[in-house]
Amino acid sequence: MDSRQMRYFVALAETLHFGRAAARMHMTQPPFSRQIANLERELGVQLVDRNSRHVALTQAGERFLADSRMVLAQFEDACRDARLVAEGQKGELRLGFMMHAAHRIVPQIVSCYAGLRPDIRIVLLETTPADIEHRLLGGELDAAITFAGRPFPQLRTVPVITDHLCLIVPREHPLVGRDRITPHDLETEDLIAAPATVAPTLREAIAGYFEKAGIVPRFRYEPQLQHTIVRLVAARLGVALVPASICDEAAVDVIPRSLAAAPTLRVVLSVPGESRNPAVAPLIDIVRDWKGSPAGKRPATRLER
């Protein structure tokens with residue numbers, strides 16, 4: 001039995017006439033009648049009562065008609081869904097991102113993507129840059145928004161924005177009254193920063209900022225997550241150099257300050273070079289068209305309609 005025989009039977013059940021049903025299926029009546037007879041023989045039941053004057057469905061035929069319609073509808077859905085997935089119109093997109101991107105970049109890009117591809121389920125994973133790298137290389141993510149770091153031949157990147165570092169200090173800290181901070185202003189400060197094993201690009205930028213001034217930074221606490229860093233600063237346990245993309249939304253007990261000659265950080269969309277997920281291509285197009293900006297400057301882009 002196959003779907004064609006089900007379609008033949010549905011045509012007969014809806015017309016209750018062998019000739020009209022055969023014409024609907026673009027067949028002559030004799031081969032059409034043989035298909036119905038073969039179907040009944042394969043099932044081992046009589047589906048149709050027929051004589052020279054009328055055709056009627058048996059109880060088994062009524063039931064088979066309902067089930068056939070359901071099966072054929074599911075078959076059509078399966079065919080349509082397969083085409084939509086192949087076209088990148090339906091399916092799933094696993095998008096990783098670091099916390100810095102959660103404040104502005106991810107909401108805008110995801111909103112634009114959802115409007116463009118409403119039938120694609122977006123699975124979001126907020127994690128550290130090092131974990132993003134591991135998951136991308138392991139095939140656990142389809143794409144990720146992270147810092148540009150060491151190149152991998154298995155990955156390709158699309159620029160998103162260029163961010164820069166700023167300083168956050170607790171309220172009533174002596175540096176609150178300074179408009180622009182230099183590395184020498186921080187020479188005796190306890191610093192809070194993610195370790196190089198978690199956010200290598202960010203840590204290198206922070207360390208390099210001090211090294212250029214000939215200063216050895218005093219890293220006191222090294223939590224993995226940026227929101228933990230913000231809370232530790234708020235608790236007066238030190239100061240931190242963080243991406244400007246989170247400075248304007250820091251905790252109420254934390255004050256951001258500009259850095260003189262602030263180091264820059266490139267934020268990119270990273271995707272496997274051999275991605276087989278058609279849902280990735282629209283995301284790449286959106287990011288390429290997007291002209292984002294660091295914190296404090298609201299981007300004017302196609303994402304904001």
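Note that the coordinates shown come from a computational prediction; the quantities given were computed from them, not determined experimentally. Positions are given from 1, in the same order as the sequence printed here.
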A.B. asks: Would one find more than 12 heavy atoms of other residues, nucleotides or ligands at under 6.0 Å from atom CZ of Arg80?
C.D. replies: yes
A.B. asks: Give the minimum heavy-atom separation between Ala194 and Ala199, together with the two atoms involved.
C.D. replies: CB-CB, 4.2 Å
A.B. asks: Within this structure, what is the OG1-NE2 distance for the pair Thr28 and His26, rounded to the nearest 0.5 Å?
C.D. replies: 13.0 Å
A.B. asks: Closer than 3.5 angstrom, by distance alone: can the side chain of Thr264 be matched with the main-chain N or O of His164 as a donor-acceptor pair?
C.D. replies: no
A.B. asks: Under 4.5 Å between side-chain heavy atoms, hopping through other hydrophobics if needed: is there a path connecting Ile120 to Val287?
C.D. replies: yes
A.B. asks: Under a 4.0 Å threshold between the charged nitrogen and the carboxylate oxygen, would Arg220 count as salt-bridged to Glu189?
C.D. replies: no
A.B. asks: Do other residues, nucleotides or ligands put more than 12 heavy atoms under 6.0 Å from Glu42 CD?
C.D. replies: yes
A.B. asks: Val110 and Val158: same hydrophobic cluster, using ILVMFWY side-chain contacts below 4.5 Å?
C.D. replies: yes
A.B. asks: The test is side-chain contact (heavy atoms from CB on, under 4.5 Å); show your working for Leu269 and Ile109 and say whether it passes.
C.D. replies: CA-CA 11 Å; Leu269 175 73; Ile109 289 177; over 6 Å; no
A.B. asks: Please test Arg171 against Val176 for side-chain contact (heavy atoms from CB on, under 4.5 Å), starting from the C-alpha separation and ending with a verdict.
C.D. replies: CA-CA 7 Å; Arg171 285 189 178 275; Val176 168; 5.9 Å; no
A.B. asks: With clusters defined by side-chain heavy atoms of hydrophobic residues (ILVMFWY) lying less than 4.5 Å apart, directly or transitively, does Leu93 cluster with Leu137?
C.D. replies: yes
A.B. asks: Which atoms form the tightest heavy-atom contact between His100 and Ser245, and what is the distance?
C.D. replies: O-OG, 3.4 Å
A.B. asks: Pick out which of Arg104, His103, His227 makes a side-chain contact (heavy atoms from CB on, under 4.5 Å) with Ile246.
C.D. replies: His103
A.B. asks: Once you round to the nearest 0.5 Å, how far does CG of Leu116 lie from CG of Leu283?
C.D. replies: 10.0 Å
A.B. asks: For the residue pair Val271 and Arg156, establish whether any side-chain heavy-atom pair is separated by less than 4.5 Å.
C.D. replies: yes
A.B. asks: Kindly compute the distance separating CZ (Arg178) from NE2 (His173), expressed to the nearest 0.5 Å.
C.D. replies: 11.5 Å
A.B. asks: Are side-chain N/O atoms of Asp185 and Thr182 paired as donor and acceptor at under 3.5 Å?
C.D. replies: yes
A.B. asks: Any chance you could measure Gln224, atom CD, to Ile229, atom CD1, to the nearest 0.5 Å?
C.D. replies: 10.0 Å
A.B. asks: Counting only heavy atoms from other residues, nucleotides and ligands, does the tally under 6.0 Å from CZ of Phe75 exceed 12?
C.D. replies: no
A.B. asks: Could you give me the CA-CA distance, side-chain angles and deciding distance for Leu43 and Phe64, then say whether side-chain contact (heavy atoms from CB on, under 4.5 Å) is met?
C.D. replies: CA-CA 10 Å; Leu43 290 174; Phe64 191 69; 3.9 Å; yes
A.B. asks: Using modelled atom types and a 3.5 Å cut-off, is there a donor and acceptor pairing between side-chain atoms of Arg34 and backbone atoms of Phe32?
C.D. replies: no
A.B. asks: Measuring only between side-chain heavy atoms, which start at C-beta, is Thr58 closer than 4.5 Å to Val48?
C.D. replies: no
A.B. asks: Does the side chain of Val254 reach to within under 4.5 Å of the side chain of Val169, using non-hydrogen atoms?
C.D. replies: no
A.B. asks: Tell me the closest heavy-atom pair linking Glu187 and Arg218, and the distance in Å.
C.D. replies: O-CD, 3.8 Å
A.B. asks: How close do Pro243 and Leu265 get, heavy atom to heavy atom, and via which atoms?
C.D. replies: CG-CD1, 4.2 Å
A.B. asks: Say whether, by atom type as modelled, one donor and one acceptor occur between the side chain of Arg266 and the main chain of Asp163 under 3.5 angstrom.
C.D. replies: no
A.B. asks: Using the side-chain contact (heavy atoms from CB on, under 4.5 Å) rule, pick out the option among Val242, Val233, Val230, Val239 that qualifies with Ile192.
C.D. replies: Val233
A.B. asks: List the atom of Asp142, the atom of Leu136, and the distance in Å for their closest heavy-atom pair.
C.D. replies: C-CD2, 4.4 Å
A.B. asks: Taking everything shown except Arg20 itself, do over 12 heavy atoms lie less than 6.0 Å from its CZ?
C.D. replies: yes
A.B. asks: So how far is it from Ile168 CD1 to Ile255 CD1, rounded to the nearest 0.5 Å?
C.D. replies: 10.5 Å
A.B. asks: If only atom types and distance count, is the side chain of Asn277 paired as donor or acceptor with the main-chain N or O of Glu92 below 3.5 Å?
C.D. replies: yes
A.B. asks: Does the Arg94 side chain pair with the main chain of Val123, one donor and one acceptor, at a distance under 3.5 Å?
C.D. replies: no
A.B. asks: Answer yes or no: is there a side-chain heavy-atom contact under 4.5 Å between Phe210 and Leu186?
C.D. replies: yes
A.B. asks: Within the structure provided, determine whether Glu172 and Arg236 are in side-chain contact (heavy-atom separation under 4.5 Å).
C.D. replies: yes
A.B. asks: Testing the basics here: between Ala279 and Tyr113, what is the closest heavy-atom pair and its distance to 0.1 Å?
C.D. replies: O-OH, 2.6 Å
A.B. asks: Establish, for the pair Arg203 and Phe219, whether the NZ or CZ atom is under 6.0 angstrom from the six-membered ring centre and no further than 45 degrees off its axis.
C.D. replies: yes
A.B. asks: Would you say Gln226 and Leu202 make side-chain contact, with heavy atoms under 4.5 Å?
C.D. replies: yes
A.B. asks: Under 4.5 Å between side-chain heavy atoms, hopping through other hydrophobics if needed: is there a path connecting Ile122 to Met99?
C.D. replies: no
A.B. asks: For the atom pair CG (Leu12) and NE2 (His17), what is the distance rounded to the nearest 0.5 Å?
C.D. replies: 10.0 Å
A.B. asks: Under a 4.5 Å cut-off applied to non-hydrogen side-chain atoms, are Ile215 and His184 in contact?
C.D. replies: yes
A.B. asks: Test your reading of the model: is there a side-chain donor-acceptor pair from Arg50 to the backbone of Ala56, 3.5 Å cut-off?
C.D. replies: no
A.B. asks: Val268 and Trp290: same hydrophobic cluster, using ILVMFWY side-chain contacts below 4.5 Å?
C.D. replies: no
A.B. asks: Under a 4.0 Å N-O cut-off, is there an ion pair linking Arg7 with Glu76?
C.D. replies: yes
A.B. asks: Between Leu65 and Leu57, is any pair of side-chain heavy atoms under 4.5 Å apart?
C.D. replies: yes
A.B. asks: Check the pair Glu211, Glu204 against side-chain contact (heavy atoms from CB on, under 4.5 Å), reporting the backbone distance first and the verdict last.
C.D. replies: CA-CA 10 Å; Glu211 288 171 7; Glu204 289 169 10; over 6 Å; no
A.B. asks: Would you confirm whether Glu222, through its side chain, and Pro195, through its main-chain N or O, come within 3.5 Å as a donor-acceptor pair?
C.D. replies: no
